[in-house]
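Just below is one structure, and these are the notes that go with it.
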Amino acid sequence: MTITDELQELYEQGLAAFKDATDPASLEAARVAWLGKKSALTSTLRGLGQLAADMRATVGQHANEVRGQLEEAYQQRKAALADAALAAKIQSGRLDVSLPGRSRPIGTQHLINAIADEVSEIFFGLGYRLAQGPEVEDDFHNFTALNHSPMHPARSASDTFYVRDLSEEAATFDGPEPSEVLMRTHTSPVQIRTMQASKPPIYIISPGKVYRRDIADPTHLPQFTQMEGLAVDEHLTFADLKGTLDYVVKKIFGEERSTRFRPHFFPFTEPSAEVDVSCEICHGAGCRFCKGTGWIEILGCGMVDPNVLVNVGIDPERYQGFAFGMGVERIAALRYDLPDIRLLIEGDMRFLRQF
Ligand code: DAH
């Protein structure tokens with residue numbers, strides 16, 4: 001075989017080897033075998049020196065051409081394998097861009113909390129501060145200090161949830177008797193706790209959960225939300241109470257609404273009143289919405305009974321107070337014309353998302 005034939009054979013075998021390489025490892029092995037330092041082609045090139053001078057130039061040129069072509073075949077195969085690898089990768093991780101995305105709905109404040117915050121903000125603007133108290137209360141703060149007589153019906157076990165502590169610590173507990181521990185029935189005990197803990201002037205607003213043994217129906221819930229307000233200062237009169245609540249009710253329901261104060265009774269205020277807001281539909285004329293009265297009841301209030309001030313060690317000769325309590329679910333029901341306040345606690349997103 002002439003050296004030319006040998007080179008031709010090397011060329012064809014090398015080409016075939018690169019073509020047969022189906023992955024980077026076998027391609028690299030082929031490169032080492034056909035283009036590497038120990039390859040037949042390299043030794044042929046090294047042996048050129050022993051050739052007769054006239055043959056050296058032609059054979060050398062031929063050998064270099066073979067080397068260049070094999071080098072090119074190798075590079076092409078390398079690029080082709082890289083393209084195939086990329087295509088396979090894209091194929092395996094393929095995204096179906098027509099699929100609907102995963103939605104991450106953004107939570108919002110519940111309507112009850114939103115209204116409680118909104119009303120609190122109105123009072124903050126008047127210089128009131130936030131006060132909080134426990135939901136598990138004792139008889140003293142929930143009833144006695146608030147001037148309820150020992151036989152007051154709200155104390156009955158059919159109206160109030162009493163709490164019995166079944167834990168081991170209860171045996172050594174030296175607080176109130178178990179029968180005196182209850183779920184607070186209103187936010188008014190926060191008045192007592194605040195007056196015990198701080199000196200007048202006091203201006204507080206206290207939103208929170210309250211509990212009553214009521215069966216849930218369109219206008220009642222066994223657990224609902226109240227907002228308690230208390231002002232204790234020198235020279236406070238019923239006119240201050242009226243002015244404050246009229247201002248706040250207009251802020252909540254709209255400037256065009258008016259208020260009406262009706263005499264009422266609460267054990268902890270004297271005098272006491274219930275406050276009505278003029279009917280949104282008929283503006284006082286009387287319609288089906290307000291049952292023909294023209295007014296809708298929204299809160300209870302009054303001047304803090306001197307007995308209550310005495311119960312917490314505040315001198316009723318020097319200080320006067322006014323207080324009020326309103327139901328947040330009721331405000332929501334009136335403002336959004338809700339047919340049933342149970343909607344507020346059922347967690348039905350179709351309802352809650354509207355607000
Ligand atoms: N605690 C009363 C209730 O739950 C609401 C109330 C009325 C609170 C008059 C007050 C008030 O502070 O002065 O029905």
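Just so you know, ligand 1 is whichever comes first in the structure, and atom 1 is the first atom listed for that ligand.
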Short N or O separations between ligand 1 and the protein, below 3.5 Å:
residue, atom, partner, partner atom, Å
ligand 1, 1 (N), His186, ND1, 2.9
ligand 1, 1 (N), Ser188, OG, 3.0
ligand 1, 4 (O), Arg212, NH2, 2.7
ligand 1, 4 (O), Gln226, NE2, 2.8
ligand 1, 12 (O), Gln191, NE2, 3.0
ligand 1, 12 (O), Glu228, OE2, 2.5
ligand 1, 12 (O), Phe324, N, 3.3
ligand 1, 12 (O), Phe324, O, 3.4
ligand 1, 13 (O), Ala323, O, 3.1

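- Salt bridge annotation for Asp348-Arg350: present, with a cationic side-chain nitrogen under 4.0 angstrom from a carboxylate oxygen.
- Every pair tested for ring-ring contact (aromatic ring centres under 6.0 Å, His included) that includes a residue from residues 80-118 fails, sequence neighbours excluded, so the list is empty.
- Note: Phe261 and Phe238 have perpendicular aromatic rings, judged against thresholds of 30 and 60 degrees for the angle between ring planes.
- Between Phe161 and Tyr211, the ring-plane angle classifies as perpendicular under the 30° and 60° cut-offs.
- The aromatic rings of His186 and His148 sit perpendicular to each other, their planes meeting at more than 60°, with 30° as the lower class boundary.
- By the 4.5 Å heavy-atom criterion applied to side chains, Thr237 and Gln320 are not counted as neighbours.
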